[in-house]
Every structure is written in structure tokens, then in C-alpha cells.
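Some notes on the structure that comes next.
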Protein chains: 2
Amino acid sequence: MGVTIKDIAKAAGVSFSTVSKALRDSPLVKEPTKKRITDIAMELGYQPNAAARSLVSKKSHTIGIIWPTIEGTAHSSLITRLNTQLEQLSYTTLISINEKEFAINLFNRYQVDAILCFDDNPERLTDTSSAVPVVSYGIADKGSSSPVVDVQRKKAVYMATNYLSSIGHRFISYIGALNNPIQDEKAKGFKLAAEGLGLPGFTHQIVEVQKLDPYDGYIAAKEVLESGERPTAIISGSHDLSKGILRAAGECGIKVPDDLSIISYDNLPDDSDTPIPLSTVGVPMDHITLRLTDVLMDVINEDDIEKVLFLEPELKVTDSCRPPSNH
Amino acid sequence: MGVTIKDIAKAAGVSFSTVSKALRDSPLVKEPTKKRITDIAMELGYQPNAAARSLVSKKSHTIGIIWPTIEGTAHSSLITRLNTQLEQLSYTTLISINEKEFAINLFNRYQVDAILCFDDNPERLTDTSSAVPVVSYGIADKGSSSPVVDVQRKKAVYMATNYLSSIGHRFISYIGALNNPIQDEKAKGFKLAAEGLGLPGFTHQIVEVQKLDPYDGYIAAKEVLESGERPTAIISGSHDLSKGILRAAGECGIKVPDDLSIISYDNLPDDSDTPIPLSTVGVPMDHITLRLTDVLMDVINEDDIEKVLFLEPELKVTDSCRPPSNH
DNA sequence: TTGAAAGCGGTACCAC
DNA sequence: GTGGTACCGCTTTCAA
């Protein structure tokens, strides 16, 4: 097996406790000694043993992320950012794709300092006991005992719907998935706003897709736009869906925003991979990353933590939105 | 912090070494004692400390997977299967999305038993030194010192191309990505076969896409099929691309397989989410999973390991292929 | 400024 | 069958 501090101690002719201090850059070791030791460590390719270290220090400087829905690809971008951000706070990230309970146990055994759980199914109340603090990214749940960060998807789509009606739209469609609680939230926001408006002659429509790829948006939009009576505005459940919707509009000879307004639920910064800049609504990814790492640091330091943290969605209106032309 | 075997020992009125044995189901402990101890452990919610355990046993029963290209979503399905398969071998899986060198160091510190690296960039020769054995999934590379499992993407597409020409096709298009070495391999196989055929009047064409979503396949196929002279067969770089291609064909009034044959590069089992069953070529996902876990177990047990393991692609011909109608 | 020694939570090998 | 004890590699007092 690998090189230990004892090997280094022998090579440097000092005691192993001196090596330990030197490697942790302790001021208790004289500079020349320190340099000699670090040089030898480098040369020998020393890697500190995380097991031994976390055993004694009770800290691993590691965050465990539970991500059972890997195949959905939903959170990959957020996880990448979190990984980067945590690295800057000198934490490393470990991911498990096992289901919640199993992964929590796994990370408890590994003594990670905190766990972040992407739980698409917040319903189950089974609050697995965990010595390590757990933070969930999902939907605020009254019953949950661990902190939850909620990006208020319902509110986001609600805001978008109200905005579109406020500038005159009277027939709005929502295209999105309904097949899990997270996605369903968005549709709920749409329904809530549309039904709440109570405007005479106002029409709304929910079109379900199974996946959130551009392709699904394309298919759904084709159906919507080729039917007799068509909406003057579409709200889409994701950026990718919107790409497909844009293409469908193009093929149907429908101009955005002249004949059709589009708002996309989206956390991504505008990466301009669409023909026109899309109007979006949602909590910007950077906010999510920052707040999530904040909460993780808080639970690690046992600071006072609010049980539920609602992040505020933002509506960014661009050229993809305009009052309907017939008004 | 958590419950330790000493807490259990105290509660059960036995020594902590007895607890250790009982929990590992050693035959050296009398049944009633064992039961009493395991009951107490359960009640107290005992979780063995992985750090302590791997420190002394030098084994963690954990495999580290390095997956820097998380956002590409390419390997998610394979990773899910690996996770399941390894679980059955009583290994747990930990994933890092950091870049290779960093992740290797991380997993070395964590004393995982073996590392599996999804390295899309096998060119860089920097063979990071690792006390833990590393297995790569990628492209066989003469220089590499650690075992590589190669699914021979080039050969797979080569086989598909030759098959299509053997049944009479004289104009074949390849639709796929070229933007990384892995994807490029497939295009190389196509080119190699097409140019090697040396048939008079044989035409081939490579159409590049940036991503492997159905949408990209749709766009590319539209272009190909709407041009004047069009191919009688298309080989596609992925299952998802093929879905888009099928749709494009449908919209252009081109019948598969009557007017157009399609073979898809694919490792997935037929999940029949296409209107007609697609012909596929590639190493079946189950083979990959099995061989990969085999190799991992081998390196762990220090069995003799072949440095390079080529897996054989299979061509599965279904109703999406047929000789061109004008022949 | 350095070294010695006591653990951290387990496993495994001894005695009894 | 059970308990005692010596580690695993490291951090952290406390003495020298």
C-alpha cells in the first residue's frame, strides 16, 4: 500500500508527529524542517489516508450528494456547479446514485460532513435517521425534519402566466411534464393562475410531455399549433422543450413573438442557443448554487438554520414576448 | 456523533470485541448473545464507521467511478447498471465528477478498492500514479498501463456499413457526432468501410451533429432526405438520433424500410420506443456491464489481467433494413 | 522546536 | 464462547 507519514519520518530523520504537523503547515515546525519534509512527501507521492484522518478528526471535508435520478439528466448542470463551488470552499463532492435510504447510510459510514439530497419524491415521510446533517433540494414539506431548499416552481410558472395575461393574452398553453411531483408543481402553478384569473373568454390548456427534450417540445407544439384554435402564448416547462417549440413554430409559419409569445421555465443563464433570446422564469442557477452551498456550510457549522428556504424565481422578459397582435 | 460498538457493548454487557464478532456474524459467538447484540445495534441505529473499518482491514468494498462528462449524459444508463451489478457483488459505488487526476487522488485517499474511469480523452498520456487499481472504459491505447475495456465502436459501424453494402446499398449516409474521440471512432469506422469497398458508383456521406438527442437526428435527417439525391440507407450514431431520423423520414413521406434502411449504433436493449424495431449494432449493454465488473473484480483480486479487453459488437438486423427497392 | 503518547472505531489474534 | 490487546494512519495534547 501507499506511503505513510512514518515512511516520510524515516526518510527525513524526524518523528512521525513532526511530519504530521509539517504536512498540515503547522507553525510549530521550523521552516527548513518543514520544507525538507514536504519535499520528501512530494517525491514519495504521499497521499494522506482519508480514513485515518477522518477517523481522528471527525471531519472529512467531503459532501455527499444523493442523486437517484441520474438517468433523468435533470440536475447534471446544477451538480457540476455545486462541485465547483464546493471545491472553492475546499470541500470535495462524492455522488451516490443509490436510493435515498441506502445512500444516507453509505454516506454516514463514510463520515461525510453533510449530505445533499435530490429527492424527486419528497412525499414519503420516512425520514431516514442520519447522524450527518441532510439538506434536501426539492419541494418544501411541512413534515420534513431536515432543511429543504425550494425553488418555488409553482410560483414561477404562476408569475409567467399572470404576466402573459396582463399583457393581453387570452389563450395560453402550458407544455410540460406531469410525471413526477417536481414537474407537476409547474403545471399546478399554471392551473392556479389560469383558473384564478377568472377572465371571461380566457382559455388555458395543459399539454403533457413524457420527457423534457427538445424533441418532445417539438411534437407537442406541432399538435398545439396545427389545431384550429391556437394559443397566442405558450409557457414551456424547460429550456429544452422551448427549443423544440420554437422549431415547430417556425415550420408552421408562426412568428415569435408576433404571432406567438413564449416563456420558458429555466434556471440556466442565457446560453443563446436559440434563434431568439427566450423569456424565462425561474431561480437563476447561480443563486441556487450559492444558497445550496450556504445551507450546507450552515448545517456543518451547526449555525441556526431555517427549516425551509424558499428561493425567489425571477421573470426575465425578452423579445420572445409581446402583447397578442389582434389586440 | 454516531453509535459505536463500545456503546453497544456497554448496553449488552459484553466486551466490544464480542460485539465486533457478533455484528460480522462470526460463528465464534453464541446465538442468543449474537441476537441480543444485533437487536441492540438495530435499536440504537448503529452504522459501522467506514473509516475505521477500512483503516484496519485495508478494504472498503467500494468502487470509485470517475465521470467527468456528467453533463453529456452519455454514460448514465451504463452507470446505473454498474451500480446495480456491483451492489449484487456487495460493492458500493461512489462517483466523482472531477477531472481524472483529482478524482484518482480523491479515491486513493478514500481507499476505494478499485477505480473505473470514463475517460473521453484517452489521448493524454499522463498516467496518474495510483495505489488503487484503475480500469478505463474508452478506447484501447497502446501506451496505457492500466487495463482498458474497449467496445470497438469503429468496428461496430464498420460492420454495419459493410452489411448495408452487401445487401445492395450504394449510397449510405452516416449521421453522428465527431466532437470527441469516442464519437469520432464511429465515423472512422464508417469512412474506413465506405472507402475500403472500392465499389464503382458507391457514394457515402458523413453528416455531423453536435449532440446526440433525437432532435439533432431529426434536423440532420431532414437535411439529408430533402436534398435531391438521397441515400438509400442511413447509419446513425445513437439510438436517440435514430428516433429523430425516423420522424424526419415519416414527414418526408419516406417509408422505412421500403425507401430507406436504418441501422443505429446502440448498446441499449430494444426498448421499443420507436415506431418500428430498429436494426442496431454495438456491444449490448449487459455484456459491457458484466465484463466491466469482471475486470474490476479481477484487478481487486490481483488476478492476471489482460491489458486491453476488446468487446465484440453485435449486428442485430430487424425490419428497419432491406435491400434498396430499385435493385 | 521537536518527540512521545493517547486515542479515533474498528478487526483479528491471542489468552482464558 | 468470551474478553484482552495490539494495531491500522493520523491528529492532537503534553513533556522534554
Side-chain angles (χ1 to χ4, degrees), chain A residues 1-38 40-41 44-62 105-113 131-132, chain B residues 1-38 40-41 44-62 105-113 131-132:
Chain A
M1 249 293 321
V3 183
T4 76
I5 50 172
K6 285 178 187 166
D7 300 323
I8 299 174
K10 211 177 297 165
V14 294
S15 80
F16 76 88
S17 57
T18 304
V19 174
S20 172
K21 284 172 210 150
L23 260 24
R24 319 217 69 230
D25 201 25
S26 157
L28 299 165
V29 180
K30 238 190 347 199
E31 268 313 326
T33 324
K34 202 186 280 182
K35 168 134 182 51
R36 191 154 45 92
I37 291 173
T38 49
I40 294 176
L44 264 42
Y46 171 73
Q47 286 291 338
N49 182 319
R53 181 174 279 181
S54 82
L55 184 56
V56 53
S57 70
K58 310 258 198 189
K59 287 272 159 253
S60 62
H61 251 69
T62 301
N105 286 340
L106 172 64
F107 284 136
N108 268 273
R109 292 201 300 276
Y110 268 95
Q111 307 263 98
V112 301
D113 294 342
V132 175
Chain B
M1 248 292 322
V3 183
T4 75
I5 51 171
K6 285 175 188 167
D7 300 324
I8 299 173
K10 211 178 299 167
V14 293
S15 80
F16 79 88
S17 56
T18 305
V19 173
S20 173
K21 284 171 213 151
L23 259 24
R24 319 213 71 230
D25 202 25
S26 153
L28 300 164
V29 181
K30 241 195 337 204
E31 268 314 326
T33 323
K34 201 185 282 182
K35 169 138 180 46
R36 191 154 45 92
I37 291 173
T38 49
I40 294 176
L44 264 41
Y46 170 73
Q47 286 292 338
N49 182 319
R53 181 174 280 180
S54 81
L55 185 56
V56 53
S57 70
K58 310 258 197 190
K59 286 272 157 252
S60 61
H61 252 68
T62 301
N105 284 340
L106 172 65
F107 283 136
N108 267 275
R109 291 201 301 276
Y110 268 95
Q111 308 262 99
V112 301
D113 294 342
V132 176

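Lettering follows sequence order; numbering is per chain, from 1. Everything numeric in this text was worked out from a predicted model, so none of it was measured.
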Out of [options], which nucleotide sits closest to the side chain of [X]?
X: V56(A); options: dT2(D), dT11(D), dT11(C); value: dT11(D)
X: L55(A); options: dG9(D), dG10(C), dG3(D); value: dG9(D)
X: K30(B); options: dT2(D), dA6(D), dT11(D); value: dT2(D)
X: V14(A); options: dA5(C), dG3(C), dG9(C); value: dG3(C)

Does a side-chain N or O of [X] approach OP1 or OP2 of [N] to a distance below 4.0 Å, or not?
X: R24(B); N: dT11(C); answer: yes
X: Y46(A); N: dC10(D); answer: yes
X: T18(B); N: dG3(D); answer: yes
X: S20(A); N: dT11(D); answer: yes

Atom pair distance, as rounded to whole Å: [atom1] in [X] and [atom2] in [N]:
X: K6(A); N: dA5(C); atom1: NZ; atom2: P; result: 13 Å
X: K10(B); N: dG3(D); atom1: NZ; atom2: P; result: 15 Å
X: K59(A); N: dC8(C); atom1: NZ; atom2: C1'; result: 14 Å
X: F16(B); N: dT2(D); atom1: CZ; atom2: C1'; result: 13 Å
X: R53(B); N: dG9(D); atom1: CZ; atom2: C1'; result: 18 Å
X: I37(B); N: dG3(D); atom1: CD1; atom2: P; result: 8 Å
X: Q111(A); N: dT11(D); atom1: CD; atom2: C1'; result: 15 Å
X: Y110(B); N: dG9(D); atom1: OH; atom2: C1'; result: 15 Å

Distance-only, no hydrogens or angles: does the [X] side chain make a donor-acceptor pair with backbone N or O of [Y] under 3.5 Å?
X: S60(B); Y: Q111(B); answer: yes
X: D113(A); Y: H61(A); answer: yes
X: S57(A); Y: R53(A); answer: yes

Do N105(A) and Q47(B) pair up side chain to side chain, a donor and an acceptor below 3.5 Å, judged on atom types alone?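 Note: N105(A) and Q47(B) side chains meet the donor-acceptor criterion.
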
Regarding S20(A) and S17(A), do their side chains bring together a donor and an acceptor under 3.5 Å, going by distance alone?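 No.
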
Here's a test of your reading of the structure: between T4(A) and K21(A), which maps to the more 5' nucleotide of DNA chain D?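 First, find each residue's nearest nucleotide; the 5'-ward one identifies T4(A).
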
Nearest-nucleotide comparison on DNA chain D, the residue closer to the 5′ end among A52(A) and L28(B):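 In this pair, the answer is L28(B).
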
How do A51(B) and T33(A) order along DNA chain C: which one's closest nucleotide is nearer the 5' end?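 On the 5' side of the pair lies T33(A).
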
For the base of dA4(C), is there a side-chain donor-acceptor partner from S17(A) under 3.5 Å away?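 A donor-acceptor contact between them is present.
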
